[in-house]
Amino acid sequence: MALASPAFAKPQRVVSLNLCADELALRLADPGVVRSVTWIAQDPRNANLAGQARQLPANDGHAEEALAFHPDLVLTGPFADPAAAALLERLGTPVVEVGQPRAFDGVRREIRRVAAALGEPQRGEHLIGDMDARLARVVVDASAPRPKALVLQPNGFTVGAGSLVDAVLARAGLDNLAADRLDLAADAQVPLELVASLEPDVLILDRSEERLPSLAEATLDHPAIQALAGRMTVVSLPARLWTCGGPEIVEAVERLAAAAATARARKATQ
């Protein structure tokens with residue numbers, strides 16, 4: 001009976017092998033429970049809790065690294081090596097795969113799943129409640145015109161329908177041109193000439209706030225993009241705010257709702 005009680009059911013040695021799982025575990029678990037996170041979680045350009053993550057040993061996402069901590073729970077992600085998860089399970093280590101949500105309901109579902117795995121369901125509900133309260137404060141006038149938006153990622157990729165990015169744009173009061181005009185259902189490259197011809201009201205550069213020389217991000221610094229700034233609202237949004245399905249997506253909604261308001265005001269004066 002004692003072993004079945006919640007106090008004993010909570011895992012005490014959790015290892016995360018995925019960035020999105022890292023951040024949910026750090027938000028939901030008691031201090032000291034998470035024993036290792038991925039090295040990406042320690043990089044402030046890509047992660048939201050880098051300071052907290054740097055207090056822990058980093059891993060490269062391998063099962064062998066997880067086993068060194070004698071974990072009683074390992075969190076993985078949707079792109080984890082199936083063989084690694086199978087090895088962990090064969091050795092009796094519980095494994096929970098954190099999904100990649102494509103909508104706000106999916107974000108809530110993944111928070112609940114991870115909270116339940118950590119034995120912290122109430123903490124999960126509290127996190128969701130805080131997220132929903134902040135979202136409720138982002139008011140979008142349904143009668144106002146919806147600016148057209150396009151997301152431009154490193155290497156010239158954009159994001160279509162059926163994605164979390166698309167859901168965030170819609171919640172912020174923006175219409176996603178990649179979904180509406182290009183009919184894209186996934187990530188796809190778009191040439192800069194097409195970006196200019198689509199004439200978005202808001203161009204969102206999906207980049208980190210700390211800019212380092214990078215061939216992948218060279219597209220975002222192209223002179224053609226700088227020229228577009230005089231014709232439309234251009235906003236930089238760090239990828240860490242919507243790479244994972246966590247409460248950080250609220251900040252993405254807040255920033256983009258402000259950009260949408262700026263675009264509407266700009267259009268009203270033209």
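Residues take their numbers from the sequence shown, with the count starting at 1.
The two atoms that bring Ser236 and Arg207 nearest to each other are OG-CD, 3.7 Å, heavy atoms only. Here the closest non-hydrogen pair linking Val151 and Thr158 is O-OG1, 2.6 Å. Nearest heavy-atom pair across Pro247 and Leu127 is CG-CD1, 3.9 Å. In terms of heavy atoms, Ala179 sits closest to Gly160 at CB-C, 4.3 Å. Closest non-hydrogen pair, Val140 versus Gly173, comes out as CG1-CA, 3.7 Å. In this structure, Leu256 and Ala172 approach most closely via the heavy-atom pair CB-CB, 3.7 Å.
Under a hydrophobic clustering in which Ile, Leu, Val, Met, Phe, Trp and Tyr are joined whenever their side-chain heavy atoms come within less than 4.5 Å, directly or via other members, Leu150 and Val159 fall into different clusters. Leu56 and Leu19 are not part of a single hydrophobic cluster, where members link through side-chain heavy atoms under 4.5 Å apart. Val34 and Leu17 sit in two unconnected hydrophobic clusters of ILVMFWY residues. Membership requires side-chain heavy atoms under 4.5 Å apart, directly or through other members. Connection of Leu192 to Val190 is established within a shared hydrophobic cluster, with ILVMFWY side chains joined at heavy-atom distances below 4.5 Å, either directly or through further cluster members. In this structure, Leu169 is a member of the same hydrophobic cluster as Leu135, with clusters built from ILVMFWY side-chain heavy atoms closer than 4.5 Å.
You'll find the side chain of Leu49 stays beyond 4.5 Å of the side chain of Val37, heavy atoms only. With contacts defined as side-chain heavy-atom distances shorter than 4.5 Å, the pair Arg264/Pro145 qualifies. Proximity of Val234 to Leu205: side-chain heavy atoms (C-beta onward) are separated by under 4.5 Å at one or more points. Contact annotation: the side chain of Asn46 never approaches that of Thr243 to less than 4.5 Å [non-hydrogen atoms, C-beta and beyond]. At least one side-chain heavy atom of Arg134 sits less than 4.5 Å from a side-chain heavy atom of Glu254. Ile111 has its side chain within reach of Leu24: a pair of non-hydrogen atoms, C-beta onward, lies under 4.5 Å apart. Between Gln153 and Asp187, the closest side-chain pair of non-hydrogen atoms falls below 4.5 Å.
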Let me check something: any side-chain donor-acceptor pairs from residues 89-108 under 3.5 Å, sequence neighbours excluded? List them with distances.
from, atom 1, to, atom 2, distance (Å)
Asp105, OD1, Arg108, NH1, 2.9
Arg108, NE, Asp132, OD1, 3.1
Arg108, NE, Asp132, OD2, 3.3
Arg108, NH1, Phe104, O, 3.4
Arg108, NH2, Asp132, OD1, 2.9

Distance-only donor-acceptor pairs under 3.5 Å for side chains of residues 115-124, two or more places apart:
from, atom 1, to, atom 2, distance (Å)
Glu120, OE2, Lys10, NZ, 3.0
Arg123, NH1, Leu28, O, 2.9
Arg123, NH1, Asp30, OD1, 2.9
Arg123, NH2, Asp30, OD1, 2.9

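Looking only at distances, a side-chain donor or acceptor of Ser36 sits under 3.5 Å from a matching main-chain atom of Pro57.
Ile40 contributes atom CD1, which lies 15.0 Å from atom CZ of Arg240 (distance to the nearest 0.5 angstrom). Atoms CG and CD1, on Leu152 and Ile204 in that order, are 10.0 Å from each other to the nearest 0.5 Å. In this structure, Glu64 CD and Leu87 CG are separated by 6.5 Å, a value rounded to the nearest 0.5 Å. Annotation: the span from Asp201 atom CG to Thr233 atom OG1 amounts to 7.5 Å, rounded to 0.5 Å. Interatomic distance, CG of Leu203 versus CE of Met232, reported as 6.0 Å (0.5 Å rounding). Within the model, atoms CG of Asp206 and CG of Leu237 stand 6.5 Å from one another, a figure rounded to the nearest 0.5 Å.
With a 6.0 Å radius and a threshold of 12 heavy atoms from other residues, nucleotides or ligands, Asp60 has its CG atom above the threshold.
Salt-bridge check for Glu199 with Arg181: failed, with every basic side-chain N at 4.0 Å or more from each acidic carboxylate O.
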